[in-house]
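Have a look at the structure below before the remarks.
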Amino acid sequence: MSNNSQPEHEGRRLRRRDMIALTLNSVAVLLILGLTGAMNIWVALTAIAAISAMSVIYFLLISSTASEHEAAPPDAVAKPGSLFDMSPAHEMLESLPFPVMLVGPGGRIESANPSAHEFLGLGSESGLLSGSLRQPKVLEAVSGVLRGEAGRLVEYSTFAPIESHVRVHVIPLKVRETGSFPWRALLVLADETASKRAERMRGDFLANASHELRTPLASLAGFIETLKGHAREDIEARDRFLTIMQDQTERMRRLINDLLSLSRIEMDEHVPPSGEADLTAMTQDTIDSLAPQAAAKAISVDFEGDATAKVIGERDQLFEIAQNLIENAIKYSSNGTRIVCDVHGDIGREDIDRLTHSLGPQAGRLTIANPALPAGRRFAMLRVRDAGKGIERRHLPRLSERFYRVDGQKSGPREGTGLGLAIVKHIVSRHRGGFFVESLPGEGTIFSVCIPNTPAAAPTAQT
Ligand code: ADP
């Protein structure tokens with residue numbers, strides 16, 4: 001407001017000065033005429049008429065200039081960039097969490113909010129739009145809008161150096177009624193990279209799931225054909241084929257169970273678990289239930305650790321963790337080796353670090369899920385250590401991806417689904433716990449899971 005009243009006040013002062021000068025000049029002319037004796041009635045009348053005509057012309061000129069000023073007085077209209085400098089519009093645009101900017105004649109960025117600065121890496125001098133956003137479709141839409149064309153929605157994608165998918169709303173803004181460059185382009189950018197990626201992941205997931213199911217199904221169809229044809233009378237071949245068919249059916253059943261389990265876990269991942277379970281008892285039960293599989297490979301599965309380890313969690317889901325980790329250890333270990341499952345009932349942050357760094361500096365290690373670590377939080381931890389051939393460091397980051405299997409790793413007739421570790425990761429995240437892997441090729445692998453323990457298990461509650 002103060003900015004606008006300043007020029008108005010200045011204008012009034014100048015007009016008053018002009019009027020005084022005009023009056024003094026007229027009086028001076030009349031005096032000179034009178035003193036030199038040239039004054040008579042006709043001269044006086046002519047002089048007064050001339051002075052009046054000059055005054056009328058002057059005031060007509062003054063009022064037309066004033067109305068021009070009044071038609072476009074505020075800075076906001078004269079200088080469109082300053083639209084962003086006006087409160088509260090300014091504050092609103094500044095605080096928007098997505099990039100917004102105003103582009104003026106010649107494609108010059110006149111204003112940009114902090115999100116736009118960050119998104120496009122603009123310096124303090126924003127410069128030309130084409131210098132920071134080399135997207136022909138966007139630049140074309142902006143040029144159109146600056147010429148007075150309708151606004152447009154433009155989408156663009158980049159794949160290097162990083163993948164990004166962006167929607168740009170190019171909106172025309174008329175900032176002057178007349179004049180040579182009345183139009184500005186308001187650009188509102190929406191970063192859609194995360195949603196596009198999620199969409200693609202969903203697509204990939206469906207494609208992978210159908211592929212995984214199609215393979216055993218095709219094999220079953222093939223064997224049925226053979227059994228109906230030339231193997232019909234071959235009893236030996238028929239028995240062999242039936243065994244393979246049983247394995248394939250079993251694999252499809254496991255795959256469907258894992259897919260259902262994963263979708264169930266994902267659905268309630270945001271709901272914190274409320275039950276209570278004993279990790280020690282659960283681990284021992286799992287070892288017992290997998291005893292036939294271990295015995296088939298002459299593998300011993302030993303339990304070590306605390307007698308109880310009470311955690312906050314859902315029993316069935318925690319059982320699934322132990323089941324997946326111990327079953328993997330059996331599947332990926334050679335015959336006659338030893339697996340050790342140890343449970344620690346009450347540990348803190350430093351213990352977690354120590355227990356997940358047991359294989360020495362040569363080992364590859366990865367935190368697959370970070371535990372939530374508010375001050376004073378205590379955990380229970382299950383570690384499953386095998387003496388298998390180990391996992392190379394380069395595979396670790398992809399282990400918990402759905403359907404990911406380490407190349408060339410055979411797990412026998414109970415071939416895996418590639419979903420087990422993804423399931424473990426989701427359950428652990430739901431329980432606000434941590435999931436870690438350490439592996440040294442030739443030595444073996446340790447998968448560790450920590451889950452917040454119940455207040456009763458914490459030392460403060462025990463004393
Ligand atoms: P799968 O059903 O194939 O076992 P997982 O998600 O449980 O699927 O495991 C993913 C991959 O990680 C496995 O295919 C295997 O290559 C590797 N892996 C998992 N556990 C171990 C282990 N204890 N030792 C070696 N490799 C393992």
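Quick note: residue numbers are just sequence positions, from 1. Ligands are counted one by one from 1 in listed order, and the atoms in each one are counted from 1 as well.
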Where ligand 1 meets [X] - atom numbers and elements under 4.0 angstrom, heavy-atom basis:
{"X": "Ile391", "value": "25 (C), 26 (N), 27 (C)"}
{"X": "Thr417", "value": "1 (P), 2 (O), 3 (O)"}
{"X": "Gly420", "value": "5 (P), 6 (O), 7 (O), 8 (O)"}
{"X": "Lys331", "value": "1 (P), 2 (O), 4 (O)"}
{"X": "Leu419", "value": "6 (O), 8 (O)"}
{"X": "Tyr404", "value": "10 (C), 11 (C)"}

**Message:** If I apply the N/O under 3.5 Å rule, does Ala422 come out as touching ligand 1?
**Reply:** no
**Asked** Hey, is ligand 1 close enough to Gly418 that some N/O pair sits below 3.5 Å?
**Response**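 Yes, since at least one N or O of Gly418 sits under 3.5 Å from an N or O of ligand 1.
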**Asked** Under the side chain to side chain contact (heavy atoms under 4.5 Å, CB included) criterion, do Ile368 and Val437 qualify, and how do the steps go?
**Response** CA-CA 7 Å; Ile368 301 173; Val437 58; 3.9 Å; yes
**Asked** Would Arg402 count as a cation-pi partner of Phe205, with NZ or CZ less than 6.0 Å from the six-membered ring centre and within 45° of the ring normal?
**Response**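 Here Arg402 passes the 6.0 Å and 45° test against Phe205.
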Residue-level breakdown please: for [X] versus ligand 1, do any non-hydrogen atoms fall below 4.0 Å on the side chain, on the backbone, on both, or on neither?
{"X": "Val406", "value": "both"}
{"X": "His395", "value": "neither"}
{"X": "Phe447", "value": "side chain"}

**Item:** Check against side chain to side chain contact (heavy atoms under 4.5 Å, CB included), Glu438 and Thr445
**Value:** CA-CA 6 Å; Glu438 257 193 286; Thr445 305; over 6 Å; no
Would you tell me whether [X] and [Y] have side-chain atoms, one donor and one acceptor, within less than 3.5 Å of each other?
{"X": "His165", "Y": "Thr193", "result": "no"}
{"X": "Arg383", "Y": "Ser358", "result": "yes"}
{"X": "Glu320", "Y": "Ser261", "result": "yes"}

**Prompt:** Charged N to carboxylate O under 4.0 angstrom, Glu212 versus Arg251?
**Reply:**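 Looking at Glu212 and Arg251, the cut-off is met.
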**Message:** Please determine whether the number of non-hydrogen atoms from other residues, nucleotides or ligands lying under 6.0 Å from atom CD of Glu118 exceeds 12.
**Reply:**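 Not buried by this count: 12 neighbours or fewer within 6.0 Å.
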